[in-house]
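Heads up: the structure comes next, in structure tokens.
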Amino acid sequence: MALTKTINIDGIDVTFRASAAVPRLYRIRFGRDIYRDLRQLEKSVGESSEDASELDVFSLELFENIAFIMARHADPENVSDSPDEWLEQFNTFSIYQVLPELIDLWGLNVQTQSESKKNSKNRT
């Protein structure tokens, strides 16, 4: 079961979707493991603050790619096929405001999947 969340970014409502397909879509598109990248990103963001951001370019790119995949998964008809083109619609936005929302959405998705597995074991 997929979960969605709409986040206002730079005055634009953007819908993001988390489902079991996201890790596969991310791996196919970027050749990387989304679980590992999310952990690394959480660690990087946790070590810095919005006022004194010291995030490296690699961490910012991870965030942009994860956000893009989740937005495209939610609305493939209206989200361009390129992360660069998708990002062009925004002036600027803070990773510190959007990333926690995406991590929360992803956590709810993983929690829902875990609960489903537990419930199916109880039925047998």
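Keep in mind that the numbers below use all heavy atoms, side chains included, and drop hydrogens, waters and symmetry copies. Since the model is a prediction, treat every value here as computed from it, not as a measurement.
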How far does [atom1] of [X] sit from [atom2] of [Y], to the nearest 0.5 angstrom?
{"X": "N78", "Y": "Q89", "atom1": "CG", "atom2": "CD", "value": "9.5 Å"}
{"X": "M70", "Y": "H73", "atom1": "CE", "atom2": "NE2", "value": "8.5 Å"}
{"X": "I103", "Y": "E101", "atom1": "CD1", "atom2": "CD", "value": "10.5 Å"}
{"X": "L3", "Y": "L105", "atom1": "CG", "atom2": "CG", "value": "6.0 Å"}
{"X": "I28", "Y": "I69", "atom1": "CD1", "atom2": "CD1", "value": "9.0 Å"}

Atom of R17, atom of A2 and distance for their closest heavy-atom approach: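 Distance-wise, the nearest heavy atoms are NE-CB, 3.0 Å.
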
query: For A74 and F16, which heavy atoms make the closest approach, and how far apart are they?
result: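 In terms of heavy atoms, the two residues are closest at CB-C, 3.7 Å.
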
For D37 and Y26, which I'm curious about, is there any donor-acceptor pair between the side chains at under 3.5 Å?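 Checked: D37/Y26 side chains pair up, N/O donor to acceptor below 3.5 Å.
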
Can T15 and T4 be counted as having a side-chain donor-acceptor contact under 3.5 angstrom?
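Checked: T15/T4 side chains show no N/O donor-acceptor pair below 3.5 Å.
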
List the residues meeting side chain to side chain donor-acceptor pair (under 3.5 Å) with [X], not counting sequence neighbours, and say none if there are none.
{"X": "S80", "result": "none"}
{"X": "D13", "result": "N8"}
{"X": "D104", "result": "K5"}
{"X": "R27", "result": "none"}

Evaluate the side-chain proximity of D75 to V14: yes if any heavy-atom separation is below 4.5 Å, no if none is.
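No, side chains not in contact.
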
- [ ] State, yes or no, whether a side-chain contact exists between Q97 and I9 at a heavy-atom distance under 4.5 Å.
- [x]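 The answer is no; the side chains never approach within 4.5 Å.
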
Next on the checklist: Pair L99, E42 - check side chain to side chain contact (heavy atoms under 4.5 Å, CB included), show working.
Outcome noted: CA-CA 8 Å; L99 181 62; E42 280 181 289; 5.5 Å; no

Pairs under 3.5 angstrom only: tabulate donor-acceptor contacts from the side chains of residues 59-68 to other protein residues two or more places apart or in another chain.
{"unit_1": "S59", "atom_1": "OG", "unit_2": "S44", "atom_2": "OG", "d": "3.3"}
{"unit_1": "S59", "atom_1": "OG", "unit_2": "D56", "atom_2": "OD1", "d": "2.8"}
{"unit_1": "N65", "atom_1": "ND2", "unit_2": "E61", "atom_2": "O", "d": "3.4"}

(Q) Run the side chain to side chain contact (heavy atoms under 4.5 Å, CB included) test on R39 and R36 for me, step by step, so that the C-alpha distance in whole Å, both residues' side-chain angles and the decisive distance to 0.1 Å come before the verdict. (A) CA-CA 5 Å; R39 274 193 305 274; R36 185 175 295 162; 4.1 Å; yes

- prompt: Got more than 12 heavy atoms from elsewhere within 6.0 Å of CZ, R24?
  reply: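 Counting neighbours around CZ of R24, 12 or fewer heavy atoms of other residues, nucleotides or ligands fall under 6.0 Å, so no.
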
task = For F90, check ring pair (Phe, Tyr, Trp, His ring centres under 6.0 Å) against everything at least two apart and list the hits.
result =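 Counting only residues at least two positions away or on another chain, F90 forms a ring pair (Phe, Tyr, Trp, His ring centres under 6.0 Å) with W86, F93.
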
